[in-house]
Amino acid sequence: MRELIVIVDFGASYTQLVARKVRESGVYSEIVPYTAGFEKIDAKKPKGIIFAGGHIDTPSTTASVLRVDKFEEQVIEDFATNKCNCKCDWTPSSFVEDEVKRIKEVVGDKRVLCGLSGGVDSAVTAALIHRAIGDQLVCVFVDTGLMRLNEADLVVKAFRDEFKATLVHVNAEERFLSALKGVTDPEQKRKIIGELFIRVFEDEANKAGKFDFLAQGTIYPDIMESISVGGKAVAVKSHHNVGGLPEDMKFQLLEPLRDLFKDEVRKAGLELGFSEELIYRHPFPGPGLAVRILGEVTKERCDILRHADHIAIEELKKAGLYREIWQAFCALLPVKTVGVKNDKRTYDNACVFRAINSVDAVTADWARIPYEVLATISNRIINEVPHINRLVYDISSKPPATIEWE
Ligand code: XMP
């Protein structure tokens, strides 16, 4: 049985940091709201209990107990390793090994369906399951045509060529673009894309036969209930990709990453053999470039934006800033501006570059990127991308702005 330290959450801002610190010490940790009561906590047979920002009575327990009132790294590490006397053997490779064993037992000789979104979580989920059950897994990748440059290729290459997994790659670019024709309202775009995505996914799933399990890239922050000091649940993220599936598709859910934080998912991904390029990509919204092209989405505007975005990201990487920044991207504005090129007047698109730092995307601050890097990004985009003649840098924080422009 794996060793466990429970973090009892009283709504303190540092609860997640404590949980992560325990895990970095090599011990698996779980966050439990204090409202769960002591009996429920003790029933998990933890080796240690950490009260974060509050305290409840601990009648009698074999677990060691610690109270923390701020992010006390050394104390936490000492508690996990010395006071609780843990073996500290929770590592990305032990996680992969244990999870592969568990998936084999749970799935047996049944079949699993996994939708690849192009993102890191679904990719690592699929790779883990593939390592456990090979061809009993079928991956479906719906390529909306709204992804970043080379993104679809990166996913297809990893699964088809490197892992030799069974991959259904659906090129649905035309269907998505024609469904979006003439649409300018952001929420309307999201609705159209969400509904069409499910329809395409469902068609492909039906063609691929009968499945017993549906794999999902749910991760720990998705399911964790964080509680306010008043004891009320304040943030439970809905499983939007399950919520949309038709009720007559009777699957059992397989969510092998549900205990992991994002950085642990990345480490497990590297352990499974993914490239750093794929694993460390910045987050990308489900509706993709459609919410970064303000106004109507067309193939031409997608290509212009993809090109500009690629240059910006390439320059951030060259400057060694890409991994420091939480999310960076370009968006194409629905305004034309006057410029001059080769002594001739131009009247072309304005593009915005946005780079932010954040912990959880709930709040964000614009990144203080050195002027020289911004200058290179601007020069390259304006000179190399046809139909862009102006670049602006977004210096808005969230709130009151949001990270995306739509
Ligand atoms: P906002 O713009 O709300 O973005 O500050 C917060 C984070 O969520 C991403 N985002 C989305 N992700 N579907 C998604 O899957 C969406 O419709 C969507 N809108 C925004 C955004 O990229 C940022 O990381």
Side-chain angles (χ1 to χ4, degrees), residues 115-125 141-149 151-152 155 176 179-180 183-198 200-201 216-219 221-224 226 234-245 255 257 261-263 265-266 279-295 297 302 305-306 308-310 312-313 316 322-333 352-367 394-406:
L116 292 176
S117 67
V120 174
D121 301 342
S122 63
V124 175
T125 299
F141 174 45
V142 178
D143 188 345
T144 59
L146 301 168
M147 303 180 82
R148 290 171 285 200
L149 195 72
E151 193 156 34
V155 174
F176 278 88
L180 289 167
V183 180
T184 56
D185 177 72
E187 286 315 298
Q188 188 69 13
K189 287 179 185 174
R190 282 191 169 80
K191 192 165 178 280
I192 290 169
I193 293 168
E195 284 174 6
L196 184 55
F197 190 93
I198 287 162
V200 176
F201 183 79
Q216 289 215 130
T218 311
I219 70 170
D222 293 338
I223 58 161
M224 196 169 30
S226 56
V234 289
V236 185
K237 212 169 152 191
S238 64
H239 294 191
H240 55 94
N241 34 357
V242 174
L245 284 174
E255 298 176 309
L257 307 181
F261 287 110
K262 190 80 180 186
D263 52 329
V265 172
R266 290 199 161 107
I279 287 297
Y280 284 101
R281 272 174 312 158
H282 286 171
F284 190 60
L289 298 184
V291 291
R292 292 182 178 172
I293 293 172
L294 285 83
V297 182
C302 286
L305 178 56
R306 256 191 284 270
D309 186 74
H310 180 72
I313 297 304
L316 281 186
Y322 184 72
R323 290 227 201 144
E324 274 175 34
I325 287 168
W326 201 84
Q327 194 172 13
F329 57 90
C330 287
L332 199 58
L333 302 182
V352 59
F353 174 50
R354 178 123 169 94
I356 57 99
N357 282 313
S358 176
V359 176
D360 48 15
V362 175
T363 60
D365 195 11
W366 58 279
D394 183 347
I395 53 167
S396 335
S397 295
K398 175 182 179 179
T402 53
I403 296 174
E404 302 291 344
W405 272 52
E406 282 198 336

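Please read all numbers here as calculations on a predicted model, not as lab measurements. Atoms within a ligand are numbered from 1 in the order they appear, just like the ligands themselves.
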Practice task
Taking only Lys NZ, Arg NE, NH1 and NH2, and the carboxylate oxygens of Asp or Glu, determine whether Glu406 and Arg292 approach each other closer than 4.0 Å.
Solution key: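 A salt bridge is absent here (no side-chain N lies under 4.0 Å from a carboxylate O).
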
Under the 3.5 angstrom rule, does the side chain of [X] hit a backbone N or O of [Y] as a donor-acceptor pair?
X: Asp365; Y: Ser397; value: no
X: Arg306; Y: Leu289; value: no
X: Arg354; Y: Gln327; value: no

Exercise for the section: Identify which of Ala401, Ala361, Ala364, Gly119 has a heavy atom lying nearest to atom 7 (C) of ligand 1. Expected result: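 The residue whose heavy atom sits nearest atom 7 (C) of ligand 1 is Ala361.
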
Problem - Thr402, Asp360, Ile403: member with heavy atom nearest to atom 4 (O) of ligand 1 - result: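 Answer by nearest heavy atom: Ile403.
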
Exercise for the section: Tell me, please, which residues at least two apart from His282 pass ring pair (Phe, Tyr, Trp, His ring centres under 6.0 Å). Expected result: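 Per chain and number, His282 pairs via ring pair (Phe, Tyr, Trp, His ring centres under 6.0 Å) with Tyr322.
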
Problem - Which residues share a ring pair (Phe, Tyr, Trp, His ring centres under 6.0 Å) with Phe141, sequence neighbours left out - result: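 With neighbours one apart ignored, the set is His169.
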
Practice task
Pick one of side chain, backbone, both or neither for how Trp326 approaches ligand 1, counting any non-hydrogen atom pair under 4.0 Å.
Solution key: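 Answer for Trp326: side chain.
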
For ligand 1, is there an N or O atom under 3.5 Å from any N or O atom of [X]?
X: Arg190; value: yes
X: Phe284; value: no
X: Gly286; value: yes

Exercise for the section: Find all atoms of ligand 1 within a distance of less than 4.0 Å from any non-hydrogen atom belonging to Lys398, and give their numbers and elements. Expected result: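 Near Lys398, the atoms of ligand 1 are 1 (P), 3 (O), 5 (O), 6 (C).
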
Practice task
Please identify which atoms of ligand 1 are closer than 4.0 Å to at least one heavy atom of Pro287.
Solution key: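 The atoms of ligand 1 under 4.0 Å from a heavy atom of Pro287 are 13 (N), 16 (C), 17 (O).
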
